[in-house]
Amino acid sequence: FFLMIRRPPRSTQSRSSAASDVYKRQVLNFLKVLFAKRHDFQQRYGQNTWALITGASDGIGKEFALQLAQSGFNICLHGRSEAKLDEVVKELKQIRSDIQTKKIVADLSKSCLLYTSPSPRDS
């Protein structure tokens, strides 16, 4: 299986968001093709399997999180904005209420200090 996604030239992106929108649609269509064949991840990887998604607050990272949650993975979300990650957690819980989630809020380009959301067991 081979799929070619062409990113528009930077000069085109700065003039118009239409080229960027086309690129985003191509990437999302690729993800749909990638996940079109449903796998039983619970059977393959076992119960309580975790997936770490970086850049999970929007775009491709968010779509990966949604697809993996639908497949039954527990999700550890990484992003820079806690408010956006909270919204993603709400969406994940609407898809599957039985999964567990954790958040890692950090801008790794600026700091090595991490903040993680407390585990329900820690409360």
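Atoms considered below: every heavy atom in the structure, side chains included; atoms not considered: hydrogens, waters and symmetry mates.
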*Under 3.5 Å: donor-acceptor pair, side chain of H78, backbone of A106*: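 Present.
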_Side chain N74, main chain Q100, donor-acceptor under 3.5 Å_ =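 Judged by distance alone, yes, a pair lies under 3.5 Å.
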State the [atom1]-[atom2] distance between [X] and [Y], to the nearest 0.5 angstrom.
X: S71; Y: I95; atom1: OG; atom2: CD1; answer: 10.0 Å
X: R96; Y: Q70; atom1: CZ; atom2: CD; answer: 8.5 Å
X: I75; Y: W50; atom1: CD1; atom2: CH2; answer: 8.5 Å
X: S57; Y: K62; atom1: OG; atom2: NZ; answer: 9.0 Å
X: T49; Y: I99; atom1: OG1; atom2: CD1; answer: 12.5 Å
X: I104; Y: L52; atom1: CD1; atom2: CG; answer: 5.5 Å

Grab the two heavy atoms, one from [X] and one from [Y], that are nearest each other, plus how far apart they are.
X: L68; Y: A51; value: CD1-CB, 3.9 Å
X: L85; Y: G79; value: CD1-N, 3.7 Å
X: G61; Y: I53; value: O-CG2, 3.2 Å
X: A56; Y: L77; value: CB-CD2, 3.5 Å

*Kindly indicate whether the side chain of E91, heavy atoms from C-beta on, has any atom under 4.5 Å from the side chain of L66.*
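The answer is yes; the side chains approach within 4.5 Å.
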*Does the side chain of T101 come within less than 4.5 Å of K93's, by heavy atoms?*
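In short, these two side chains touch, coming nearer than 4.5 Å.
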*Evaluate the side chain to side chain contact (heavy atoms under 4.5 Å, CB included) criterion for residues R80 and V105: first the C-alpha distance (whole Å), next the side-chain angles of each, then the deciding distance (0.1 Å), finally the verdict.*
CA-CA 5 Å; R80 294 179 295 177; V105 180; over 6 Å; no
*Report the C-alpha distance between D86 and K103 in whole Å, list the side-chain angles of each, state the deciding distance to 0.1 Å, and finish with yes or no for side chain to side chain contact (heavy atoms under 4.5 Å, CB included).*
CA-CA 8 Å; D86 288 337; K103 298 178 294 182; 2.4 Å; yes
*Are K90 and E87 close enough, and set up right, to give a salt bridge (Lys or Arg N to Asp or Glu O under 4.0 Å), and what steps lead you there?*
CA-CA 5 Å; K90 287 179 188 175; E87 292 297 318; 3.6 Å; yes
